[in-house]
Amino acid sequence: MQIREFETLDDPALDDYARLTDVALRRAIEPEGGLYLAESLTVIGRALAAGHQPRSVLTSARWLPELEALLAGHDVPVYVGTPALLEELTGFHLHRGALASMHRPQLPDPAELLRGARRVVVIENVVDHTNIGAIFRSVAGLGADAVFVTADAADPLYRRSVRVSMGTVLQVPWTRLPEWDAARTLFTDAGFQLAALALADDAVGLREYAASAPERVAVVVGSEGDGLSRRALAAADTVVTIPMGHGVDSLNVAAAAAVALYALQV
């Protein structure tokens, strides 16, 4: 652990942590630089346990003893500043201990993730980072094996997604999916049934579907506004709906995923 104190924000080494409130800037920088940000000692610990490599860490002096234990075996620069400087740099009060710039791991091959899995979730075009993080937390807590994310969905390794997931996006295996024609073939070849969560006249109720669900199920959830695309519905083997009452037609996408996973627990 290489401790480097700073008193100004001019050091280019701090660029990874600048202007975190600018979503557009982070989207541009993180994929290009192959980085993501892990916020809090807990999340950093989970990232390290998953084998992810830190590039640097940002913190204040009070958290150095915990970081020294956490970063044992990692030769990484740790930038230490006053709470006021840290807030000026990041745009928020760094009260969870530390912020780490982490190298993004290479995403696994989708076919490899399906091999040996029984319950997985497919996220199509969900753009809210909070929903992404909440879905991953449900996947981890309710025993699904992996997550598949379409190209237009939000980044699971965006800072808010990682935080909302309590770091489970660093534990749950996940990858990006190809377009639906190729994706459907991947699932079919692996023996999965695609169960789309959507409203449809011919939809099967979740309780009925879960009572005789096949051995391998991919639960497909769609975007916050329009739900699943026509291509996703066309690729699905069956459409499943969660019966609602009191004039409510559906749940939030993250809540719907959690309910479906709970019903399908094996």
Side-chain angles (χ1 to χ4, degrees), residues 19-39 43 91-92 102 104-105 107-108 110 113 120-142 144 146-184 186-187 194-200 218-236 239-242 248-261:
R19 295 176 294 278
L20 295 180
T21 53
D22 187 340
V23 175
L25 179 62
R26 296 312 307 169
R27 282 179 175 170
I29 287 178
E30 289 187 356
E32 180 182 341
L35 303 173
Y36 73 90
L37 296 175
E39 180 185 351
V43 171
F92 64 96
M102 308 290 299
R104 285 175 175 258
L107 292 179
L113 280 193
V120 302
V121 172
V122 179
I123 302 175
E124 187 200 38
N125 301 346
V126 172
V127 297
D128 185 273
H129 295 100
T130 298
N131 284 333
I132 294 285
I135 292 171
F136 269 85
R137 190 172 180 179
S138 294
V139 167
L142 296 171
V147 175
F148 296 83
V149 184
T150 63
D152 291 332
D155 179 14
L157 291 182
Y158 185 74
R159 185 174 62 90
R160 182 181 294 275
S161 299
V162 176
R163 185 175 74 244
V164 170
S165 79
M166 295 297 292
T168 56
V169 298
L170 310 173
Q171 298 172 295
V172 173
W174 70 275
T175 196
R176 293 280 182 181
L177 271 182
E179 294 297 325
W180 271 113
D181 289 345
R184 175 173 171 74
L186 279 169
F187 288 107
L194 286 162
L197 289 187
L199 301 175
V219 176
V220 188
V221 296
S223 67
E224 295 85 352
D226 299 327
L228 290 171
S229 69
R230 285 178 291 181
R231 295 187 67 190
L233 292 171
V239 178
V240 179
T241 191
I242 300 172
V248 177
D249 62 355
S250 64
L251 296 173
N252 163 272
V253 62
V259 170
L261 290 176

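Side-chain atoms are counted along with the backbone in the values below, which use heavy atoms only and exclude waters and symmetry mates.
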Where do [X] and [Y] come nearest, in terms of heavy atoms and distance?
| X | Y | value |
| --- | --- | --- |
| A196 | L228 | CB-CD1, 3.4 Å |
| L233 | A198 | CD2-CB, 3.9 Å |
| T150 | R176 | O-NH1, 2.7 Å |
| V127 | A154 | O-CB, 3.5 Å |
| V240 | A195 | CG2-CB, 4.1 Å |
| E224 | N125 | OE1-O, 4.3 Å |

Heavy-atom side-chain contact between [X] and [Y] under 4.5 Å:
| X | Y | result |
| --- | --- | --- |
| V162 | E39 | no |
| L157 | W174 | yes |
| V219 | L197 | yes |
| P156 | V147 | no |
| L113 | V120 | no |
| T168 | Q171 | yes |
| R104 | D155 | yes |
| L186 | P178 | yes |

Within a radius of less than 6.0 Å around CZ of R184, do more than 12 heavy atoms belonging to other residues, nucleotides or ligands occur?
->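 Atom CZ in R184 is packed in, count exceeds 12.
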
Evaluation steps, side chain to side chain contact (heavy atoms under 4.5 Å, CB included), between T130 and R160 = CA-CA 6 Å; T130 298; R160 182 181 294 275; 3.3 Å; yes

Check for a donor-acceptor pair, side chain of S161 on one end and backbone N or O of H129 on the other, with a separation under 3.5 Å.
->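 Checking the backbone N and O of H129 against the side chain of S161, a donor-acceptor pair under 3.5 Å is found.
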
Got a donor-acceptor contact below 3.5 angstrom from the T175 side chain to the L107 backbone?
->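 It does not hold such a pair.
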
Walk me through it: do V122 and F187 pass the test side chain to side chain contact (heavy atoms under 4.5 Å, CB included)?
-> CA-CA 11 Å; V122 179; F187 288 107; 3.5 Å; yes

From W180 CH2 over to L194 CG, what is the distance, rounded to the nearest 0.5 angstrom?
->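 The distance works out to 5.5 Å.
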
Under the salt bridge (charged side-chain N to carboxylate O under 4.0 Å, His left out) criterion, do R231 and E124 qualify, and how do the steps go?
-> CA-CA 11 Å; R231 295 187 67 190; E124 187 200 38; over 6 Å; no

Looking at D128, V126, I123, which one forms a side chain to side chain contact (heavy atoms under 4.5 Å, CB included) with V253?
->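 Per the side chain to side chain contact (heavy atoms under 4.5 Å, CB included) rule, the option paired with V253 is V126, out of D128, V126, I123.
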
